[in-house]
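Comments concern the structure below.
Keep in mind that the numbers below use all heavy atoms, side chains included, and drop hydrogens, waters and symmetry copies. Every value quoted in this text rests on a predicted model; they were computed, and no experiment measured them. Here is the naming used below: chain letters follow the sequence lines, and residue numbers restart at 1 for every chain.
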Amino acid sequence: DAGVIQSPRHEVTEMGQEVTLRCKPISGHDYLFWYRQTMMRGLELLIYFNNNVPIDDSGMPEDRFSAKMPNASFSTLKIQPSEPRDSAVYFCASSLALGMNEQYFGPGTRLTVT
Amino acid sequence: GEDVEQSLFLSVREGDSSVINCTYTDSSSTYLYWYKQEPGAGLQLLTYIFSNMDMKQDQRLTVLLNKKDKHLSLRIADTQTGDSAIYFCAESIRWMNTGFQKLVFGTGTRLLVSP
């Protein structure tokens, strides 16, 4: 398997624009996670899905952020409108099952909002 | 709270041992983990320890767990320049009434290994 795939790897956009980040989890994994990493706040869990259903979105910063998982092989994280404080690296991760199972991280999308 | 704390930076010479420390908050954590992040990449699981263990050794890596003090450490023997990376401690905590144990990550310790 190619691992967790994220696109784009880098995104530069202007404040107010809509940004869509994409993720393809590892085939067969039941869980998908979206994280955000910044120097100030470290690694934050934004939302996770189980079998395509959002389970907990309490980490989503505000209504400007939304995430979907229309099928088992694709998820999006959308920011509309984007703001400079959204600049961060966004990671998608997937895992096979509940409990301890290892989370496999994608390479991340580095988002810069000017 | 869900705070996992680590020192931010550690510098060692090649061949020395590195010890990265972490304190966590949830005494009911079933597993504790060490993840490694290399530049420009996502996190990768390095090792983990089950909460009923005190120590786990895996080649150059030794994990020590002190449940009383909620202290976790990662020792890397014979540290190499290729070990330079950010190391994250993480604890699993039970998420509400689900069976899922979400991970709470520390801030990460940047390890710099000089020749």
Quiz prompt | Hydrophobic cluster membership, B/Leu64 vs B/Tyr48, 4.5 Å side-chain cutoff | solution =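 Unlinked, B/Leu64 and B/Tyr48 end up in two clusters.
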Quiz item: Roughly how far, to the nearest 0.5 Å, is the OH atom of B/Tyr35 from the CD atom of A/Glu102?
Solution: 5.5 Å
Exercise. Could you grab the distance from atom OG of A/Ser95 to atom CG of B/Leu45, nearest 0.5 Å is fine?
Key: 11.5 Å
Quiz item: Is it the backbone or the side chain of A/Tyr35 that comes under 4.5 Å from a heavy atom of chain B, or both, or neither?
Solution: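 When you check distances to chain B, only side chain atoms of A/Tyr35 fall under 4.5 Å.
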Quiz item: Which bit of A/Arg9 comes within less than 4.5 Å of chain B, counting heavy atoms only: side chain, backbone, both or neither?
Solution: side chain
Return yes when atom [atom1] of [X] has more than 12 non-hydrogen atoms of other residues, nucleotides or ligands closer than 6.0 Å, and no otherwise.
X	atom1	result
B/Gln44	CD	no
A/Arg64	CZ	yes
A/Arg41	CZ	no
A/Glu62	CD	yes

Self-check item: B/Phe50 portion near chain A, given a 4.5 angstrom heavy-atom threshold
Solution: neither
Quiz item: A/Gln37 versus B/Phe105: any side-chain heavy-atom pair under 4.5 Å?
Solution: no
